[in-house]
Amino acid sequence: MLLPWALLLSLLAQHAVFASPPTKRFYDSHHYYVLEHDPSTGVSLTDVARVLGVQVVEQAGELVNHWLVRVEKPESDLSPRGEIFDRVLDTYNRLRSDKRRSNAVASSVRYLARQTLRQRAKRAPPPIGPPPEWTSQAVADRLGIQDPLFTQQWHLVNDEQPEHCMNATGVWEMGLTGKGIISSLVDDGLDYTSEDLKDNFDADDSYDFNDHEPLPTPKLSDDHHGTRCAGQVAAGKNNACGVGLAYDSKVAGVRILSGPISDVDEAASLNYGFQNVSIYSCSWGPPDNGKSMEGPGYLIKKAVVNGISNGRAGKGSIYVFASGNGAAHGDQCNFDGYTNSIYSVTVSAVDHKGLHPYYSEPCAANMIVAYSSGSGKSITTTDKGQNACASTHGGTSAAAPNAVGVFALALEARPDLTWRDIQHLCVLNARRINEDDPDWEATALPDRSYSYKYGFGVLDAYRYIQAAIDWQLVKPQVWFHTKTIQLEGGVMPEFEEYSGGQFIGEGGVSSTMSITQEMVTENNLEKLEHINVKVWIQHGKRGDVEVELMSPTGIKSILAGKRTGDNANTGYPGWTFMSVKHWGENPVGDWTIKVSDQSSATHNGSFLGWNMVFWGSAIDPSKATLYEVPHDDADTVLPPPDAPHPSPTMSAATSTKQYAKPTAHLPGDHGDAPGENTNVTFPGQEDTTVPSASPSPTSSSTPTADEGWFSDMSNLLKSQAWFFGAVGAVAIFGIAAGIYFWRRRILPLRNYSTLPEGDVLPMSSVRSGRLNGGGRTKELYDAFGEVSEDDDDDADEQTRLRVGYPDEPRGRPSQYRDDPEVGAPSRAGGAASPDEGSPSDGSWEHAS
Ligand SMILES: *[C@@H]1O[C@H](CO)[C@@H](O)[C@H](O)[C@H]1NC(C)=O
Ligand SMILES: *[C@@H]1O[C@H](CO)[C@@H](O)[C@H](O)[C@H]1NC(C)=O
Ligand SMILES: *[C@@H]1O[C@H](CO)[C@@H](O)[C@H](O)[C@H]1NC(C)=O
Ligand SMILES: *[C@@H]1O[C@H](CO)[C@@H](O)[C@H](O)[C@H]1NC(C)=O
């Protein structure tokens, strides 16, 4: 019995030895080695250790027959000959190489290696929060912000994705909070009784153009859009909701979206208080349904140019426009004459993860993006009501006011910035986002790339204001209007009347114009900023047309992409596109436009003519003059009369319809469509039936007499390939826009003069007569506020788009959200709870 006990005890003892924790290492004083010992050779570990002169420490972890051994560090690791020398390894190597006496010790050691200390890099996940001093709570504590919802305002401090916010807190800490700056919210009502807004409300510069009253009181159940946008800009630092980006700035409210409005009132609204107001925040526009092409009428264009030239004591009003929410319909902001204007800072959206939300419209007129709803999070801001907060605000409607807030901060630091300085600072300081997005393309400016989705990138308040502080003001604006190229005698004297033009066959039609250094110098143009391209295109289906422009240095602007839902047959009667993608380029050389279509058997068309305007800074400031809007009639006929002034940026065109449906809710999480950030906006040839490799039909456009300075047409052949993809899309876009505007121009009298009681009636009575004239306002509102209701109802976009309004007679009565099928119950109902989001009332906030 004793024997088993002894055995057991010895096993236990051994086990205890192995289970003991590792002994402490002394790397400072010892060299450590791992030695693999083969006991089967008959040489004991003790003998090996003795021969090598090492001390056995313990088994190497759980590796059987592997031993940690050590020696005291010698005084020097160098041999007498000055080489790095390890006595243990040297001994081992000598034993192994001793062929004469095949060494038993050496053969019992299978492995011997010195241990060195290495630092392993942690594979820790990247930090998910901001550094401790930049959490929303820390910022609130430091700045004494007590607003209860501040920590939910991720667009101000994003605790989960710290880089994705407007980044204004550092600006606040510089003492800049918008003091002395007034922004005007041209919108629906603005609740000036709100605890969050009343101290920052500027009544003097406010007005209600819907009901013609001094104050923009919200009255309709859904009159909360303006209040929410205002809160983003100037919600006070107090105990209500959150704060605005410029929380010590002032906001005025100009109410135009709560009912019908005439051009004269819309024009007045965009100049209201324009000596005191710096920035006009406009989160509205023509319908975002992918079928309309519409822009401001003559009076409105004049008002905007007036604001640019004379507002803010000549420094120019700053117009900030939301790009639109129609991307899911294939809509593009170049079909909207407001966002398409050189005078607007056009703002698209990115969400709290920095992703492109499915609704945000791309186009070559996009200047920047700002944060808004998407990927499950929306904007938290003030709401209508004494102490009401909204947490479902979003869409490009909410992106624009975030840019307004940043500009208000910049203007406090630099009140002398002109409207163009504001734009230059955007172009040069926007932060690139979603690096992998295939839309990014290089521009002529160093380190500046451009994306149809993101413009030059996201507006970062800190970067923007830092740059603004040292900014040197740009020289005055000049422009250079090219002659008009008529293709094969193309003429369009009146809407829907045309003759000549080059048939758009497979491969599209290209046309090139050459710009010489003399033209540039003669026109006093030093550095290029915006460009306009005006096109006359006749087509059986506007949505099939694509238009693309290639600059002399090979920078391409896709001006119009295919719009599946746009069935208008009215073409592009002098529609003006705008691109900011050529900012900073040298305009000298050949500019080539390509117009193509889908080569459909049923719809065809022809390209009649085009021209360009180059806008930029003056070589000689003393020779710069102020731009004047040409009379409307001169704007869209081909050939244009020899007007003393270039065609206006906001080209008039008629719309194919006057349809505005109530907007619907965006999906609860505001969407996170797969592929949004990995797909190019304009897939080009993939979308056309024309193989890109096929030789393009020669741009056989015959230059007319007045285009003698045109470049040799043979150049066109060279550029065929790039044309295929984009031209079709651009042309469609342009055609749609042209038609839209053209009709608008023709229709106004019909639309507005038929109001039953005439102009002198209070607008409230007009509301009930909205079948005649009411469409306009709602259209504008819906366009930018949210995705329209039918977006939601029809899961299938194709179905939705097939409901073809474009070809309906002009002046079709507009539908508003109070239409029965839309289900908005009461116009005068109480305030909608911000979060309840019933389809009938709160739909705006979901995307707006
Ligand atoms: C945001 O602002 C801080 C200063 O407050 C600045 O250091 C940082 O670079 C900015 N963030 C980005 C992404 O530019
Ligand atoms: C605009 O500002 C001027 C001077 O700064 C002031 O006299 C005027 O009353 C202001 N007008 C309005 C409408 O606020
Ligand atoms: C263009 O379309 C019209 C109307 O569909 C048709 O009559 C005409 O033959 C077409 N032209 C060509 C060249 O396909
Ligand atoms: C992105 O492209 C892929 C492949 O072309 C397509 O299947 C997908 O639907 C696209 N996604 C979006 C959002 O367009």
Side-chain angles (χ1 to χ4, degrees), residues 126-127 129-136 138-143 145 153-177 243 245-246 350 352-354 368-371 402-403 405-406 409-410 413 425-426 428-435 447-448 454 456-470 487-488 490 496 498-509 537-545 567-571 595-608 689-690 697 700 728 731 735 807:
E133 68 275 23
W134 288 107
T135 61
S136 55
V139 169
D141 292 346
R142 198 156 59 236
L143 289 166
I145 294 171
Q153 292 186 294
W154 61 264
H155 67 287
L156 298 176
V157 181
N158 191 337
D159 284 337
E160 285 167 15
Q161 314 268 342
E163 72 276 27
H164 292 305
C165 70
M166 298 306 298
N167 209 25
T169 55
V171 179
W172 298 341
E173 298 202 29
M174 292 161 62
L176 295 169
T177 51
V243 297
L245 271 154
V350 281
H352 70 107
K353 293 178 172 170
I368 46 169
V369 282
Y371 288 97
N402 278 339
V406 173
L409 295 172
L425 286 162
C426 286
L428 296 176
N429 296 289
R431 182 162 44 84
R432 193 165 145 151
I433 195 170
N434 265 336
E435 293 282 340
D447 296 329
R448 296 278 87 194
Y454 314 115
F456 288 94
V458 71
L459 181 64
D460 180 297
Y462 187 78
R463 285 171 68 142
Y464 192 90
I465 276 85
Q466 287 292 336
I469 286 170
D470 298 325
L487 286 87
E488 296 189 1
E496 282 181 353
Y498 61 89
S499 62
Q502 182 167 357
F503 185 77
I504 303 169
E506 265 204 29
V509 175
I537 299 165
Q538 169 270 322
H539 206 276
K541 182 172 190 273
R542 186 171 62 191
D544 276 0
V545 181
N567 293 312
N569 60 6
T570 43
V595 176
S596 56
D597 63 13
Q598 310 303 311
S599 298
S600 121
T602 43
H603 302 296
N604 58 47
S606 49
F607 182 20
L608 305 174
T689 56
V690 181
S700 49
I735 286 178
D807 293 327

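Keep in mind that what you see is a predicted model, and the values were worked out from it rather than measured. Order of listing sets the numbers, starting from 1, for every ligand and every atom in it.
If you run side chain to side chain donor-acceptor pair (under 3.5 Å) between Ser600 and each of Thr602, Asn604, Asp597, only Thr602 comes through.
Remark: side-chain polar atoms of Arg432 are not paired, donor with acceptor, to backbone N or O of Asp447 under 3.5 angstrom. No side-chain donor-acceptor contact under 3.5 Å links His164 to the backbone of His352.
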TODO: Begin with the C-alpha distance, continue with both residues' side-chain angles, and end with the deciding distance and a verdict on side-chain contact (heavy atoms from CB on, under 4.5 Å) for Asn158 and Tyr371.
DONE: CA-CA 11 Å; Asn158 191 337; Tyr371 288 97; over 6 Å; no
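Close approach of ligand 1 to Gly170 is summarised as follows: ligand atoms under 4.0 Å from at least one heavy atom of the residue are 5 (O). The distance from ligand 1 to the heavy atoms of Asp460 drops below 4.0 Å at these ligand atoms: 11 (N), 12 (C), 13 (C), 14 (O). Residue contact check: Thr602 has heavy atoms under 4.0 Å from atoms 5 (O) of ligand 3.
Rounded to the nearest 0.5 angstrom, Tyr464 OH and Ile368 CD1 are separated by 7.5 Å. One finds the CD atom of Gln153 at 8.5 Å from the CG atom of Leu245 (value rounded to the nearest 0.5 Å). Between Gln598 atom CD and His603 atom NE2 the span is 11.0 Å, to the nearest 0.5 Å.
Taking distance alone, with nitrogen or oxygen atoms compared against 3.5 Å, Asn167 approaches ligand 1 more closely than that limit. Here's the thing with Arg463: none of its N/O atoms is less than 3.5 angstrom from an N/O atom of ligand 1.
There is no protein heavy atom less than 4.0 angstrom from atom 9 (O) of ligand 3. Checking atom 4 (C) of ligand 3 against the protein gives no heavy-atom contact under 4.0 Å.
Atom 7 (O) of ligand 1 has as its closest protein heavy atom Tyr462 CE2, 4.2 Å. The nearest heavy-atom contact from the protein to atom 14 (O) of ligand 3 is Asn604 ND2, 3.2 Å.
When Arg431, Glu163, Met166 are checked for heavy-atom proximity to atom 13 (C) of ligand 1, Arg431 turns out nearest.
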